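Each remark here refers to the structure printed beneath this line.
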There are 2 protein chains.
Amino acid sequence: MRKNAKFDRDQVVDKATNLYWEKGFHATSMRNLQDVIDMRPGSIYATFGSKEGLFKEALMRYTQQGVTALHLCRNETQSPLEALKRFVKEIVIDTQTAAPNGMCMLAKTVAELTDSNRDLLEEAKRSLKILETEFEKLIIEAQEHGEVAKDKVAGQLARHLQIQISGLRIYAKTYGDEAPLDQLVEDIFTHYPF
Amino acid sequence: MRKNAKFDRDQVVDKATNLYWEKGFHATSMRNLQDVIDMRPGSIYATFGSKEGLFKEALMRYTQQGVTALHLCRNETQSPLEALKRFVKEIVIDTQTAAPNGMCMLAKTVAELTDSNRDLLEEAKRSLKILETEFEKLIIEAQEHGEVAKDKVAGQLARHLQIQISGLRIYAKTYGDEAPLDQLVEDIFTHYPF
DNA sequence: GTTAAAATTGAACAATCGTTCAAATATCTT
DNA sequence: AAGATATTTGAACGATTGTTCAATTTTAAC
């Protein structure tokens with residue numbers, strides 16, 4: 001089997017992402033990271049530069065996978081709005097048990113970091129905006145399909161959706177099983193403003 | 001001037017709260033704390049037991065002040081719903097510039113911590129539930145005043161409001177000035193489900 | 001004013017932090 | 001197979017972490 005450098009790097013970043021996602025930037029130690037990704041400090045620093053460098057790459061990878069998951073939802077469903085709903089259910093409900101952390105890694109990062117780590121903070125913000133733009137694209141498509149009234153502003157609906165997701169995921173972590181997540185996700189799409 | 005032990009303790013906890021609120025639990029060091037509250041390690045540990053003990057007291061104080069602020073809004077306004085709106089604007093908008101951190105300290109804590117700090121995590125969750133219950137009380141009062149339809153379930157509306165606030169505050173930190181916060185808060189109350 | 005009790009101090013502790021780098025190992029080139 | 005290049009290793013670094021505690025100072029009691 002031929003060596004594929006990119007593949008290895010992706011695997012490593014995946015594992016790092018899961019650890020960062022679970023514990024956050026500050027609570028994750030390099031030694032913890034070394035164990036999980038099975039690399040020695042020298043290699044890590046030669047490859048990623050610093051703890052921040054690896055975290056930044058983790059953020060980018062997390063975002064890329066989010067966008068991919070959304071596109072996948074689109075391909076698996078018949079309508080753009082259905083795709084959005086499926087995606088939201090996936091990240092709000094399934095993630096509660098399956099993922100390293102019920103929270104969105106990007107929102108968690110925006111919540112955790114200050115200007116002391118401006119680069120990382122800005123990267124997380126940028127990623128959240130990328131996802132919101134993806135939502136907007138699907139909403140525009142939904143408008144073209146007649147699923148959403150054309151007098152609505154797609155950007156505003158995307159923003160609304162983003163806010164609902166962020167709020168819901170914090171709520172889910174707060175209330176655990178008690179929260180009727182499925183119903184709450186349904187409500188987002190059956191009531192205002194969709 | 002007579003010494004008032006409780007007052008001193010409150011002042012200290014206030015300062016600690018602001019630091020924890022700004023930097024989060026893990027990124028706040030005891031030495032950082034020592035400088036801000038102007039106490040030496042021995043005194044801190046004699047008084048609060050540990051870094052976690054002080055954080056827990058900070059969480060409780062933050063929550064108590066939140067409840068007080070909400071009651072204050074109620075006394076300053078004519079209707080329960082107006083009080084809620086004022087409170088939301090206060091914490092979502094004013095806090096962006098004035099407070100140590102635009103985020104809600106409780107939501108930020110729920111986002112940051114894992115079971116490694118179960119006590120603190122549970123305390124933050126409990127506090128969020130307390131605030132939600134306060135929302136619910138005001139909504140019930142609003143129903144009695146005829147501001148909110150009585151066929152709505154107050155608990156659900158309170159939950160909805162909690163989700164909007166959490167989502168909005170993350171959104172505000174992500175988008176900074178670009179976010180039309182005032183309009184977004186208005187939307188919460190003018191549209192569904194109020 | 002003297003003594004007992006309580007509170008405060010700050011040096012010091014072991015543990016862990018992120019990071020470095022000379023040495024060892026693996027890979028590529030010819 | 002031999003030499004050049006790139007990668008990996010892991011011990012070690014100084015800094016910082018949360019915490020302790022004997023010594024000191026302040027407060028309270030009589």
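Each chain gets a letter, A, B and so on, in the order the sequences are listed, and its residues count up from 1. Only a predicted model underlies this, so the values are computations on that prediction, with no experimental measurement involved. Because only heavy atoms are used, hydrogens play no part in the values below, and waters and symmetry mates are left out as well, while side chains stay in.
Within residues 108-119 of chain B, no residue is approached by DNA chain D to less than 4.0 Å at the level of any non-hydrogen atom.
For the pair B:E52 CD and D:dT17 P, the computed distance is 16 Å after rounding to whole Å. Between the CZ atom of A:R40 and the C1' atom of C:dT19 there is a distance of 16 Å, rounded to whole Å. Going from atom CZ of B:R9 over to atom P of C:dA7 covers 11 Å, rounded to whole Å. Taking atom CD on A:Q34 and atom P on D:dT9, their separation rounds to 11 Å, with Å as the unit. Atom P of nucleotide D:dT19 and atom CE of B:M39 are separated by 14 Å, given to the nearest angstrom. One can place CG of B:D35 at 12 Å from P of D:dG18, the figure rounded to the nearest angstrom. Residue B:L33 contributes atom CG, which lies 13 Å from atom C1' of D:dT17 at whole-angstrom precision. Taking atom CG of residue A:L54 and atom P of nucleotide C:dT19, one finds them 11 Å apart after rounding to whole Å.
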- Starting at the 5' end of DNA chain C, what dot-bracket string do you get if Watson-Crick and G-U pairs under 3.5 Å are bracketed, crossing pairs use [ ], other-strand pairs use | and unpaired bases use dots? |||||||||||||||||||||||||||||.
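Qualifying side chain to side chain donor-acceptor pair (under 3.5 Å) partners for B:T133, counting only residues two or more places apart in sequence or in other chains: none. By the ring-ring contact (aromatic ring centres under 6.0 Å, His included) test, B:Y62 pairs with B:W21, sequence neighbours left out. Shown here are the ring-ring contact (aromatic ring centres under 6.0 Å, His included) partners of A:F55, two or more places apart in sequence or in another chain: A:Y20, A:F25. B:F48 meets the ring-ring contact (aromatic ring centres under 6.0 Å, His included) test with no other residue; sequence neighbours excluded. With sequence neighbours left out, the side chain to side chain donor-acceptor pair (under 3.5 Å) criterion links A:E178 to no other residue. Here B:E76 pairs with B:R86 under the side chain to side chain donor-acceptor pair (under 3.5 Å) rule; sequence neighbours left out.
Side-chain atoms of B:Y175 and A:Q162 include no donor-acceptor pair closer than 3.5 Å.
Counting only residues at least two apart or on different chains, the side-chain hydrogen bond (donor to acceptor under 3.5 Å, both in side chains) pairs with a member in residues 94-112 of chain A are A:H26-A:E112. Among residues at least two apart or in separate chains, there is no salt bridge (charged side-chain N to carboxylate O under 4.0 Å, His left out) pair with a member in residues 17-35 of chain B.
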Sequence neighbours excluded and cut-off under 3.5 Å, please list the side-chain donor-acceptor pairs for residues 36-45 of chain B, or say none.
from: B:D38; atom 1: OD1; to: B:R40; atom 2: NH1; distance (Å): 3.4
from: B:D38; atom 1: OD1; to: B:R40; atom 2: NH2; distance (Å): 3.3
from: B:R40; atom 1: NH2; to: B:D38; atom 2: O; distance (Å): 3.3

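Distances shown here put a side-chain N or O of A:S43 below 4.0 Å from the OP1 or OP2 atom of D:dT9.
For the atom pair B:L168 CG and A:Q164 CD, the distance stands at 9.5 Å (nearest 0.5 Å).
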Using the 3.5 Å cut-off, write out each protein N or O paired with an N or O of nucleotides 16-18 of chain C and the distance between them.
from: C:dC17; atom 1: OP1; to: A:S29; atom 2: OG; distance (Å): 3.4
from: C:dG18; atom 1: OP1; to: A:T28; atom 2: O; distance (Å): 3.3
from: C:dG18; atom 1: OP1; to: A:K51; atom 2: NZ; distance (Å): 2.7
from: C:dG18; atom 1: OP2; to: A:M30; atom 2: N; distance (Å): 2.7
from: C:dG18; atom 1: N7; to: A:R31; atom 2: NH1; distance (Å): 3.0
from: C:dG18; atom 1: O6; to: A:R31; atom 2: NH2; distance (Å): 2.9

